[in-house]
Amino acid sequence: MAKPAIVPDWTDESDLAQRLQDIGFRPAYAVLDFDETLWLRNSTEEFIRFARPSIIVAVVLQILGLLKPWRLCSRQNPDYYRDWIRIWAVVLVSPWSVIAWRNHAAKIGRAHVNAGLLRDIAAIRPERIVVATYGFDFIVKPLVAAIDPGMEVVVASSLRDAPRLRAIGKGYALECAIGADDLTRSIVVTDNFVDQDLCSACAHGFYVRWPEAVYEQAGLTPMIPLAYTSKVKRPKENYLLNGLLGYDFAVLWLAFAVFSPTILPFTVALGFYLLAFFAVYEIGYFDNDRVGLIKEAKPVVSPEFARYSKHFCPGWAWVFGTVLAGLGAGVETLGRLGVDGSDGLLADLRMFAWNWLFAMLLIGLTRATFIWFNALQPSMRFVPMLVLQVERTLGYALLLPTGPVGALLCISHAIGRWIPYVIYRYGGDRRDFPAHVTALLVFLTCLPLLAISDRRPFGEMLTPELGVVLLYLGLRAAKDMARQRSRGFRLRAELS
C-alpha cells in the first residue's frame with residue numbers, strides 16, 4: 001500500500017509569532033530560507049534582471065527556455081539544473097555583472113527584507129540566526145550582508161556544483177555544517193515544501209507564505225520570436241518541435257530547399273526567413289488576444305496572457321524580424337554566389353538588398369493581412385485566415401525558387417490548416433480533425449489538374465521531388481489515421 005503523502009503544516013504569517021513562542025525552548029539556530037522568506041523577492045531573478053546588456057541576457061535565457069537543456073541533464077529532476085544553467089549563461093555573457101552586483105546588492109538588500117519575520121525571530125532569542133538557501137552564494141551573501149553583517153549564510157548553491165546541493169538537500173548539508181545535535185535543537189522557517197528534509201531534521205519547521213513576497217521571472221523582455229507563441233498562444237504544446245520544425249519548416253524545406261542546387265545554404269536561409277516571419281507574425285497573435293479581451297463576449301485567450309503580455313513589444317518584434325530577414329538574405333546570397341559566381345561587389349550587394357527587400361515585403365504583407373483579420377468580426381475571419389495560411393506557405397516563393405509540385409504542396413498544406421479554423425470558428429471541435437489527410441487529398445486531387453495545365457504527359461511529372469513529397473504527405477496522413485482509429489477504439493470501449 002502506498003504511503004499517504006505528507007501534507008505540510010502551513011502557518012499563517014499573522015500566527016507565526018505566537019507559534020514561535022509556543023515552542024518552549026531557546027533554539028540553537030533559527031534557520032531561515034532566503035528567497036521569498038527572509039528576502040521578499042527571488043535573488044536569482046533579481047540578479048538576472050540586473051545583468052547587462054539586458055537584451056543579450058534576455059535573448060540567451062529565452063533560447064534556453066525554448067530548448068530546455070536541463071531536461072537532458074536529468075529526466076527525473078530537471079529543475080535541479082535549470083537555474084544552474086541559466087545563471088551560468090548569464091555569467092558567461094555578462095561576467096562584469098558578478099562584480100557590479102555587490103554594490104547593487106548593498107543598495108537593495110534592506111529594501112525587500114522581511115522585517116516582520118526578523119522581529120518574530122528576535123523575540124525568541126535564538127543563539128544564532130543563519131540562512132540556508134538553494135540560491136547562489138555570490139548573489140545571496142552580499143544581500144545578507146546588507147541586511148545584517150552578523151548573519152551567516154551557512155548553506156547556498158555554488159556555480160561549481162549547485163545541482164549537487166539540490167540532490168542531497170538542505171537538511172544533510174546543514175547537518176554537515178553545524179552538526180546533528182545543534183540541528184535537532186533548531187527551528188526552520190521556509191515558504192516551500194521542498195525544504196521538507198530540513199524541517200524534518202530540526203525541532204520545528206514552519207511553512208509560511210508571505211503576502212508581500214513576489215516572484216517574477218526575469219529575462220523575458222523583450223520576447224524573442226516564438227516565445228509568445230509557446231508561452232501564451234500554445235502553452236500546452238511543444239510548438240518549437242511539433243509546430244515550427246515538424247510542420248512549417250518541413251513543408252517549406254520540401255517545397256523550396258531539398259531539390260535546390262545549394263541545399264545547405266538554402267536550408268539555413270529558410271530557417272532565418274521562417275524565424276523572421278514568425279517574429280512579426282506574433283504581433284498578430286498578440287493583437288488578437290488583446291482585441292479579443294476587449295471586444296469579444298467569450299474571448300478564447302490563455303490565462304498566461306496576463307502574465308506574459310507585458311513582456312511582448314511589437315517594436316522589438318519588428319527589430320528581430322528585420323535582423324533575421326537580413327541574415328536569411330545574406331545566407332541566400334552567398335548560396336547563389338556559390339553556384340552562379342560573383343559579378344562584382346556592387347552586384348552582390350544589390351542581390352542581397354533585393355533578397356532582403358522581398359523578405360520584408362512578405363513579412364509586411366502578412367502583417368497587413370493579420371491587421372485585416374483582427375479588424376473583422378470573428379465570424380468573417382475565415383477569409384483572411386486562408387490568405388494568412390497561403391502567405392505562411394506559398395508566400396516564400398517571393399524569396400526562394402520552387403516548382404509546380406512544391407507550390408501545390410504549399411497550397412495543400414495551407415488548406416489543411418485552414419479547414420480546422422473554419423470548423424472552430426463556426427462552433428465545431430477541430431482538435432481531432434485530420435489536417436494531414438486533408439492535405440494529402442487536396443494534393444492528389446489537384447495533381448492531375450496540374451499535369452493538364454502544364455500540357456505535358458503525366459509520366460513526366462513522376463520525379464524524385466514528387467516521390468519525396470508524396471512520401472511525406474502519406475506518412476503524416478497515416479499518423480492522422482492511426483490517431484483516429486485509436487480514438488475510435490477508446491470511444492467504443494467507453495460505450496461498451
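Just so it is clear, the model here is predicted, and its values are computed rather than measured.
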Handout entry: Whether over 12 other heavy atoms sit under 6.0 Å from Arg164 CZ
Key = no

Handout entry: Ring-face cation of Arg392 near Tyr281 (centre distance under 6.0 Å, axis angle within 45°)
Key = yes

Problem - Check ion pair Glu216-Arg307 (N to O, under 4.0 angstrom) - result: no

Problem - Six-ring centre of Tyr247, Arg476 cation under 6.0 angstrom, axis tolerance 45° - result: yes

Handout entry: Whether Tyr228 and Phe286 hold their rings parallel, tilted or perpendicular, with breakpoints at 30° and 60°
Key = perpendicular

Exercise for the section: Apply salt bridge (Lys or Arg N to Asp or Glu O under 4.0 Å) to Arg290 and list each qualifying residue two or more places apart in sequence or on a separate chain. Expected result: Asp287

Problem - Residue pair Asp83 / Thr44, side-chain donor-acceptor N/O under 3.5 Å - result: no

Problem - Lys/Arg N to Asp/Glu carboxylate O, Asp248 vs Arg417, below 4.0 Å - result: yes

Exercise for the section: Could you tell me whether the side chains of His311 and Thr221 share a donor-acceptor contact shorter than 3.5 Å? Expected result: yes

Exercise for the section: Might you confirm whether atom CD1 of Ile99 has over 12 heavy atoms from other residues, nucleotides or ligands at distances under 6.0 Å? Expected result: no

Practice task
Taking Asn77 for its side chain and Asp79 for its backbone only, find out whether a donor-acceptor pair lies under 3.5 Å.
Solution key: no

Handout entry: Atom pair OH (Tyr273) and CG (Asn355), whose distance is rounded to the nearest 0.5 Å
Key = 4.5 Å

Exercise for the section: Determine yes or no for a side-chain-to-main-chain donor-acceptor pair under 3.5 angstrom, with Thr393 supplying the side chain and Ile411 the backbone. Expected result: no

Practice task
Answer yes or no: is there a donor N or O on one side and an acceptor on the other, between the side chain of Arg82 and the main chain of Trp70, under 3.5 Å?
Solution key: no

Handout entry: Cation-pi, Phe382 ring and Arg425 (6.0 angstrom, 45 degrees)
Key = no

Practice task
Take Ser158 and Asp137, measure what side-chain hydrogen bond (donor to acceptor under 3.5 Å, both in side chains) needs, and give me the verdict at the end.
Solution key: CA-CA 6 Å; Ser158 70; Asp137 50 9; 5.2 Å; no

Handout entry: Expected output: side-chain Gln62 to main-chain Gly219 donor-acceptor under 3.5 Å
Key = yes

Exercise for the section: Say whether, by atom type as modelled, one donor and one acceptor occur between the side chain of Asp195 and the main chain of Thr190 under 3.5 angstrom. Expected result: no

Practice task
Give the ring-plane orientation class for Phe370 versus Tyr285, where under 30° counts as parallel, over 60° as perpendicular and anything between as tilted.
Solution key: perpendicular

Practice task
Just do the side-chain hydrogen bond (donor to acceptor under 3.5 Å, both in side chains) check on Trp84 and Ser157 with the steps written out, would you?
Solution key: CA-CA 9 Å; Trp84 183 56; Ser157 298; over 6 Å; no

Practice task
Could you tell me whether the side chain of Trp418 and the main chain of Gln389 form a donor-acceptor pair under 3.5 Å?
Solution key: no

Exercise for the section: Let me know which of Tyr396, Phe249, Phe320 forms a ring-ring contact (aromatic ring centres under 6.0 Å, His included) with Phe277. Expected result: Tyr396

Handout entry: Aromatic ring proximity Phe138/Phe47, centre distance under 6.0 Å
Key = yes

Practice task
Could you please spell out the steps behind the side-chain hydrogen bond (donor to acceptor under 3.5 Å, both in side chains) verdict for Trp96 and Ser94?
Solution key: CA-CA 6 Å; Trp96 44 84; Ser94 180; 3.3 Å; yes

Problem - Main-chain N/O of Phe50 paired to Ser54 side chain as donor or acceptor, under 3.5 Å - result: no

Practice task
Using the ring of Tyr134 (Phe, Tyr or Trp, six-membered ring only), decide whether Lys170 places NZ or CZ under 6.0 Å from its centre and within 45 degrees of its axis.
Solution key: yes

Practice task
Indicate yes or no: does Arg49 engage Glu45 in a salt bridge with an N to O separation below 4.0 Å.
Solution key: no

